[in-house]
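Remarks on the structure that follows.
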Amino acid sequence: MVGCVIVKDGKIVGEGFHPKAGQPHAEVFALRDAGELAENATAYVSLEPCNHYGRTPPCSEALVKAKVKKVVVGMVDPNPIVASRGVAKLRDAGIDVTVGVEEEMCKKLNEAWIHQMQTGMPFVTLRYSLTINGASQTISGKNPRRPVDTTLSCYKNTMQLYFLQNHYKSIRFLNPKNLIPTNRLV
């Protein structure tokens, strides 16, 4: 999740976020929101502005064109196409750039993107539920199948989950802190 806030004289004058691939990036939405107030303002961005032409034009060029005075970057983009080139472009244009502010928080926000760039695989969250006797249920609470041997079925489902987790490494399992046995879906 990439976000951008434009601040001038201690007031937020523009905000933006990147909604999905192929659409303008957070900086572009924030600059549009700020309009002429972006000149001599500070841009706070959770991920380094891009400096290449892809589905969208470079964000670094948009920031230079808007004449922002300073850019605060949460984290450098792990994409090898960007690789600190956005920061370099801004500095070459005379813009003061600070990198690494709230970096750990930005890494958590961009966990899926970082994983994709480092492994080449998508980041997946798997939600899986079993009834107390080991059968799977649909959202309506109906059993799609009835296992003959619930112990074997439960073991089989558990082994499938461990296989997925160990094989793909990109699956995060959500473990609830409190497990409350119930006979109905909540």
Less than 4.5 Å apart, side chain to side chain, heavy atoms only: is that true for P58 and Y53? yes
Does any part of the side chain of I6, heavy atoms only, come nearer than 4.5 Å to the side chain of L37, both counted from C-beta?
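Contact flag for L37/I6 side chains = no.
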Check your understanding: So, the side chain of E39 versus the backbone of K67: is there a donor-acceptor pair under 3.5 Å, distance only?
Key -> no
- Query: Is it true that a side-chain atom of D33 and a backbone atom of E15 form a donor plus acceptor pair closer than 3.5 Å?
  - Reply: yes
Shortest non-hydrogen pair, C106 vs V101, comes out as SG-O, 4.2 Å
In short, E27 meets V45 closest at the heavy-atom pair OE2-CG1, 3.4 Å
The side-chain contact (heavy atoms from CB on, under 4.5 Å) partners of M105 (sequence neighbours excluded) come to E102
CG on D9 to OG1 on T42, rounded to 0.5 Å:
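T42 atom OG1 to D9 atom CG measures 9.5 Å (nearest 0.5 Å).
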- Query: Which is it for V68 and L31 under the side-chain contact (heavy atoms from CB on, under 4.5 Å) test, yes or no, and what are the steps along the way?
  - Reply: CA-CA 10 Å; V68 297; L31 290 170; 4.2 Å; yes
Are V13 and V28 joined in one hydrophobic group, where the rule is that I, L, V, M, F, W and Y side chains link up if heavy atoms are under 4.5 Å apart?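 No: no chain of side-chain contacts under 4.5 Å links V13 to V28.
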### Task
Look at atom NZ of K8 and say whether more than 12 heavy atoms of other residues, nucleotides or ligands are closer to it than 6.0 Å.
yes
Residues at least two apart in sequence or cross-chain that pass side chain to side chain donor-acceptor pair (under 3.5 Å) with N51, listed by chain then number, are S60
